[in-house]
Structures are given as C-alpha cells and as structure tokens.
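Below is one structure, written out as structure tokens; comments come after it.
Numbered from 1 within each chain, the chains take letters A, B, ... in sequence-line order.
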Amino acid sequence: MKLSRERDTSLLVHERRRAGSTLAHVAGLALLWVSAGVMISALVELFTDGPDVTPLMLSAGLMAALGLAMWAPTKPGRTDTATIFATVAWTWIIVSVIGALPYLFADTFVRWDDAFFESISGFSCTGSTVFGGDNPAIHEQGAGLLFYRSMTQWYGGMGMVVLAVAVLPFLGVGGLSLISAEAPGPSSDRLAPRVSQTARRLWLLYAGITTLIALALWLAPGPTLYESINYAFTTASTGGFSVHDASVGFYDSSVVEAILVICMIIGGANFTLHWRAVMGDGGVYRRSGEFRTYLIMLVSASTIVVAILWFAGDFAFAKSVRAGVFNVVSLGTSTGFGNATGGDTPGDFVGWVPAALIVLLVLMVFGGMTGSTSGGAKVFRLHVGVAHVRRALRLARNPRAVVPLKLGDTVVPDAVAARVIGFMFLYSGLALSGWFVLALLGTDATTALGGSFSALGNMGPALGEVGPVNSFVEGFSRPARGVLMVLMLVGRLELFPLLLMFVAPMRSLQR
Amino acid sequence: MSRPRRELAQLEPGRPQRRSWVYGRSVGDAFAACSVVLALSVVADLTDGGGDALVLAVSAAVSGLLGALFVGSYRGHRPLHRRDGYVALTLTWIVMIAVSTVVYLVIGTPDGFTHALHESVAGFTTTNSSMIVEPDQLGRGLLFWRAGTQWMGGFGALIVLISVIPTITETRDFGERTGLAQSLAPSAGSAIRNIGGVYAAVTLLIYAMYDLAGMGWFNAITHSMTTASTGGFSTSAEIDTVFDSTALIWTGAAAMTIAGLSIALVFWMIRGAVQPVLRSVELRVYLLVLIAATGLTLLINDGLAVSDAAFTVASVVTTTGFGNDLATWASAGSLVMFMLLAVGGAMGGSASGGLGISRMIALNDIARREITLELHPRAVVALKGDGRAYGRKSIDYIVDLEILTAALVMLGAAIFALFDFDVIGALSSSIAYLSTTGGPLIPLDHPSALSGAGQTSAITLMFLGRLAIIPVLVACYDTAIRVFVGYRR
C-alpha cells in the first residue's frame, strides 16, 4: 500500500503540502468515527419518532466537519513519547468536549456543564450519570439520544485512538505506543505484525463480543432488541450506562443479571487472552496468572460480601447472593451497573453493612485486568504489590536468600516492579487528593471518598449520598463535578497522558 | 530489643559457654524496665494517699525479681540470627504489656481483661485510646504508671527505629539521612545511651515548658511523659481542663512539635551543631506541613481559635492524639485532611507513628520518578533523600511499609465497619490505631464502647503500627514455622 502511494506523484505532492501533526490527524479521525455514531443515533431517533432528531443530525454534521477540517489537511508527524501522550490526551479531551454537543443542542440538562459531565463519563466508561435529581430522568429521553449515550461508552471502551490507528497505515512503532498509551494497563501485546492490523483485530474482537452479549440479552426474557444492544455497548466496554433509571434493576430478573455478570467478567478480562482463545488456544486463561488472580479476587470478594449481608440478617440468603455477587462483579470490573429495584432494596449497596462497602471500595481501586476495557489500577498491579511484600517478608527472615519477584510462574524484573509501584503511588496520591479536594468543596466525607475512587477508577456509582440509585447532581456541587470530570479522564488514560499532555506542545513552542 | 550480633560476638572465644534461652536478656530487660517505672509509681502514689501503693510495690518487686532472674540466668548466646532479633523485639513488648495488664487487673481499673489489655497496649504503643472513662478518679500511682507505659513505649519505638529498621534496610540510616544517625548510634550500646539521654532531655524540657506555663507539677510530669512519647494519655477525660489557658494550649502545640522532631536532629541541636539542622529538608517540610495544615484548618472551620487549630494539627501530625473526637466539629474537608496527616506522621526519626515525613518525601520522589521514566524510559533516576541516594533495600522497605500500611488500614476498617462505625468512621479509626494517634480520630464518645471485634482489631493495629509492622509479621511467620513445621536452629 505504501509503495503504490509513493509511486502516485499527485498524491506525493499532496502529502508534502499537508502539515505534519499527529495530534490533529488522530483527533480528526476519531471525531469522524464518533460522528458516524451520532449519525446512527440520529437514525434511531428518527425511526422511533424521538424528539431530538435535529440536534443529533446537527451535531453529527458539525463533528464531521470539524473532524474533516483537522484530518484532511494534516498527516501523522512526530511520534516521540511526549507527542504520543499529547495526542492521546488531547484526542480524548476534544472528543469528550465535542461529544457533549448532542446533549447541548437537545437541551437535555438544566446546566450546560452537566452535558460535559455526561459526555466525559460516557467516553471514559465511568457510567456516573447526572440524569435524575433536578435534571430530567432517563426515561424522558428519546431512544436515539440514549443510543448515542451508550455508544459513547462503546467508543471509549476500546478507545478512539485505537480506532484511528486501525486506519492509519504509516505510524509504525509510534502506532503501538499510541495504542499502549491509550489501552488500560501497563502493556499492550501485538495481535498481528502490523500495528494497524492489531488495532483492527482488537476492534473486530470487541465488536464480536458486543454482538454476542446483545444476542444473549435479547434471547433472555425481558430486554428488547434495542435495550439489548444498548446494554451490550455498555457491558463490553465495562461502562455501566443504562437506558433505564433503575439500571439493571428495571428488569428485576436473575437471568438478565446472571448473563450480565458473565459478560462483565469477560469485558474486564484481557482482550489479548480473548483473541488467543478465539484463535483456538483455550488454555490461555488457565495459564494467565493475572486471570487467576482476577477470578480469585471476584470470587473471594463475592463470598465475603454475601456472608456479611447474610449474617447481618437484613436479607434472605438468595437475595444476599444476588445483590452481593452482582454488585461485586459490577464494581470489580469497573462497570457500575446497579441491580437495585429502588432505594433500600438489597441491590442498593449504600444501605449495606459498612464492612461490605469497604470491600467494594477495595474493588473500586483495583478494577479489572490489564488490556481490558475496565478501569482502576488493574489486578496486575495488585499482584505485583502483593508479591513485593511477600518477598520482603521472606527476605527479612532469610536476608541472604535470592528471591525473585514472581507472578505465578513468570519472573517480574525489578525495574518493571519499580515502575508498577511508582504508578500505584501516583494513583493512590491522586485518589486521596481527589478525596480531599472533593471534601473541601463541601461534599460529605463518605460521598467524596466514593466519588474520587469511583471517578479515577471509572466505576460509576459512588458511596454515601450517591449510590447506585442516585444521580451525581444530588451529592456533588458543580465545582465538585468539575473535579470528577478531570479524575475520570485521568483515570481512563491511566494518568500519564493527561499529566504529560503539555510537554509536547511546550517543546514545539520552544522549537 | 534485638541484641546486635556484634555485642554477642564479643563473648570470649574458647571459654565453654553455657547455653541459655535466646530471648532471656530481652525478656529480663523488659521486666526490669517495668519494675523501675512501677517503683516510681509507688512514690507518686504515696504523694496522694497511697491507695494503690501496695499493689504497685508488690508488682514492682515481682517484676524486678523476674527481670533479675532472666537477666541473671542469661549467659549470652552465639550470634543471634536476624529473625531472632525480631522475635526478641516482639517478645519484649508482649512482656511489658503482660506486666501492665496484670497490674490493671489486680487494681481492678479498667475493669475486665479486654479493657485492661487494651489500656496496656494503648500505653506501650503510645496511642491515646484509654479504656478509663474517668481518669480524674484514679490515684496518682496509676496515673503515673499509665503515663510511664507511654514513656517506655516511646523510648522503645526509638530503639526500634535505630536498631531494628536498619537490619531491614541494611543501612544504618533511618529517616534522617544527613549522617546524623551514625554519630547518634555508632553501636548498639551507645545508641541506647544516646537515645535515652536525648529522650530524657526532651522530656525534661517539655516538663519545664508545662511547669512554666502554669500546669500543676503532677500534671506537668505525666503530660510531659505522654507528650515526649507522642502518646496522648491524659489525667483528665476533658483535655481542656488540663490545657486550660491559651498559653498552655500554645505550649502544648510547641511541645508536641518538639516531640515530633527527629531524635538525631535534637541530638545535634543539643550538641550545638546548626548546619545539619538548617540543611534538613525533612525539617522544613515538617514545619511547612504544620503551618499549612493549621492555616487550612482555620480557613475551613469557622470560629476556631488559632491556638486550638495549632494544637489539634500538632496533636494529629505527631500522632500524639491529645483531644477528643474531631468529627464533632471538623468539616468534611478537615476530617479528611486530619486522616491523611495521621498517616503521614511527623519526622522519620521521632517517636511519632505514621509513615514519617522522610518516607512521604521518598514516596513522592518514587511517584515523580515514574513520571520522568514515562517520558524518558531509559533515564537513570536516582532517588535521593537529603542529598544521598537511597539504597535499593531502603526503597524496597519504604514501598513495602506503604503497601502494608494501606492493606492494614483497609483490613482494620473492614473489621471496624462490621459492628462499630460507618465507612469514614471505620477508616478514620483504623488510621488512628495503626498510626498510634487514637483520640481525635476515633468517632466515639469513648473508645471503651468498642465491640469485641473492634477491640481485637484496635489492639492488633496498635501493636503492628508501633513495631513498624514488618518485624512483627516476620516474628509471627518465623514462630509459626518453628512451631508447626519445625527446623533446626
């Protein structure tokens, strides 16, 4: 492909005229992709006679125009680390901000900043919502707008940058860095020799999983085809938006909940593993130490929570199991669905024994696996931390022993462990500062704690006043919601792109 | 205390050695120390009617006898293995706590085994979590003993810092890294002498400050002991009745600040060396934290006196824990701030709990290094503290301590949240006990209201927190292996 392009002289001249800017090029492409999604949503709105056809059409047009204006006159430029971070971070900021247009045009919310909150919460796959409270409820919205809302999470799950890279043939090594800067977790494996092919395979796999989830939900009693597709979007991406005010609690069906539990676990697992499994290597899950830890974490957390709920005597055993397992998996994979059928029902975990909430809080910190669509600090890092301490205890007992840091059967080099731990400290520092700042802004201490951990880990529901059945306008002031928006983006991109997004622009200014 | 190998290696070679119990010396020392403080309590009790004098005197005698027995029968031992040192350390604390528990049980205050044990653990771990609801009703003997347990605990904590932690980090530095530590603790024997001297000097200074500011002599003695050790026990249920004037509140804040200084720094101040004191980054950060936190507390809590804010901040930062339930007046923001401050603690080489400011600085550097490495993956970035690069073991130790602290806080909070508190209360109490702060961070009218599970969690957290977690875990692990698996020494 490259060769044929170079031979085409007219194109070559054209190439030369274009300005080299990785940022504008990738962000433009991402916007074009998102505008396609908005267009589809507009069609859905049109066919269901929804009220917001014009706003959706208008935003799709604007997005496409903006995307074209950024993409067409540019070509991929530098791909050094700083540029990669700036590209990923600014792409996400641009898409999240522009992505708020449909809500703004449709006058969905009472306040303009709520549109940005909903958009960022969508693209970052957090799933915290500002619908409800003094804003309109979810059920008052048109089907198309809600479809777009679910779609933002679907885009955010695998990532718009990966999507852009999938159609960029020229990026080479820089492309892989782009993917790994966007992908959750410390590493990204190649699924194919070519980067663009890797990106395409990731998206293909993602789309396949989404389709399967939609089918499973559709076949189950309850969800309609439209609802199934929406839930598939937000489950595969571990986002957690729902088309119902009561989230999954709307169906009050253990079958739907069981299907979603399995699908959330799939969404929170490493997609490279899924790819290998699809390629015929089924034993790949068994061999992965992280996958084992991930399952052990979910199973033991579920057991503890169910035991606490049951022994506390508030709910019968079956209800404790249903509420406990669903919410543990929902938070342990950073999805954030709720199965509460209303306030003070078993699923509304705000009313649980506080000890169970502490377990949920720990899950909120760690989230799913590396290379999945989930948020949080990742099971891999938890694993490294535990291994580090275990080694320390053995070394303190036998000072001269040579003890490698092992995860399952693989040895982790000290340099990698040091970086993982550095990340953990940065992460916990941000989470704790977020908690402090939110509390300073007048949020109640429990709500602030849940809000900060939830936003940084892209979970969805917080604790205290903003549980799974509440809207974020109820517990957080406007400035506090602003802080949450920042935390959500920082958390989705795993800190560094956003922390370092000004480095490349500063450098180019100095040049 | 861990008997350093060096000292034991000095046993004359060639002479046939009678073997004795490995931990005999440590256990004997613990009994002896308790005996001395109990004897002083008898004197204190005699100034005030002497109701408990007999019990205290008998306890002192028995404890002294046991101490003499253990020390006398100790014939030295071939060089101790490091893990034996950790067991010895843990055992020392257990013996002291046992003595104290028996004393409380015999006297009958606080009532019941759990409360007596909690009171003892809180004492020796310098936590302000007293089970005695009305300390005003107690005789002076018992009040002195309570303060004495905290004073011993503070001294023990300093010994742990200087002679045990370096065995893990394999450097002789601790917290303060300007080379001060070396001259403070060139060998184990002189370390104990030097530290004891500085610690006693600080206590005397605080006594003088309290006395001059108008506190009664007995209160001044007990409170100087519980201030210097960052303990926080008081002779009164209401701290305001002791620190009853603005001058005294300011004095208290200043005294706690002094107690939070690195012992090595104080050692150099006493010797008149100014340079290392001025150069210390940690000192600057410590003072900055105190001032900034006081300012912020004033800013977000309307109508608070400056002296009260400074007092509370110093009380929490140094993990002393004077004062009562913060949750009753502090806004959400300041409550969160105080919880974070307690985790951070005061300067690294002080008797205060928490992680220590030097380690917080190191953590900050580790996080910053990660940002640099993201941009420049092949960069070589050394982590420095006060101008010297940290060794790998030092960094590993800091990292492990941080991870264990976080894990224990969450574990403790989960247990507290079963029966006693809501989420924030559980986290705050967990932090209060692990950092050995107590008092202000426990959202209860009185800690004696804790449930059985809460008591267990509190006692465990205090014990682990005071002994820097890792030595205790290794000691337990080692003992478990010895008991259940068995291996040749």
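The two residues B:V336 and A:A445 have their closest heavy-atom pair at CG2-CB, 4.4 Å. Taking every heavy atom of both residues into account, B:E370 and A:F423 meet most closely at CG-N, 3.8 Å. What you find for B:E374 and A:L500 is that their closest heavy atoms are CB-CD1, 4.1 Å. Heavy-atom minimum distance, A:V362 versus B:M410: CG2-CE, 3.6 Å. Taking each heavy atom of A:G422 and B:I366 in turn, the nearest pair found is CA-CG2, 3.8 Å. The nearest pair of heavy atoms linking B:A332 to A:T443 is CB-O, 3.4 Å.
Summarising the geometry, atom CZ belonging to B:R369 is positioned 10.5 Å from atom CZ belonging to A:F425; distances are rounded to the nearest 0.5 Å. Separation of atoms CE (B:M337) and CG (A:L440) is listed at 8.0 Å; rounding is to 0.5 Å. Rounding to the nearest 0.5 Å places CD1 of B:I371 at 8.5 Å from CG of A:L495.
Ranked by heavy-atom pairs under 4.5 Å with chain A, the list B:L373, B:I470, B:L404, B:L296 is led by B:L373. Heavy-atom pairs under 4.5 Å with chain B were tallied for A:I358, A:L499, A:L393; the largest tally goes to A:I358. Your options are B:D420, B:I403, B:I300, and the one with the most heavy-atom pairs under 4.5 Å with chain A is B:I403.
For chain A, the nearby part of B:L340 is the side chain; its heavy atoms alone come within less than 4.5 Å. For B:F421, the part lying under 4.5 angstrom from a heavy atom of chain A is the backbone only. For A:Y427, no part lies under 4.5 angstrom from a heavy atom of chain B. Neither the backbone nor the side chain of A:V359 comes within less than 4.5 Å of any heavy atom in chain B. Contacts of B:L411 with chain A are absent, with no heavy-atom separation under 4.5 Å from either backbone or side chain. With a 4.5 Å cut-off on non-hydrogen atoms, A:F496 touches chain B through its side chain but not through its backbone. For A:V503, the part lying under 4.5 angstrom from a heavy atom of chain B is the side chain only. Interface residue B:L375: backbone and side-chain heavy atoms are both found under 4.5 Å from chain A.
Here A:R391 pairs with B:D396 in a salt bridge; the nearest charged N to carboxylate O distance falls below 4.0 Å.
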Please walk me through it: do B:E402 and A:M424 pass side-chain contact (heavy atoms from CB on, under 4.5 Å)?
CA-CA 11 Å; B:E402 165 75 11; A:M424 286 299 292; over 6 Å; no
I'd like to know whether B:I424 forms a side-chain contact (heavy atoms from CB on, under 4.5 Å) with A:D444, so could you lay out the CA-CA distance, the side-chain angles of the two residues, the decisive distance to 0.1 Å, and finally the verdict.
CA-CA 10 Å; B:I424 291 295; A:D444 143 78; over 6 Å; no
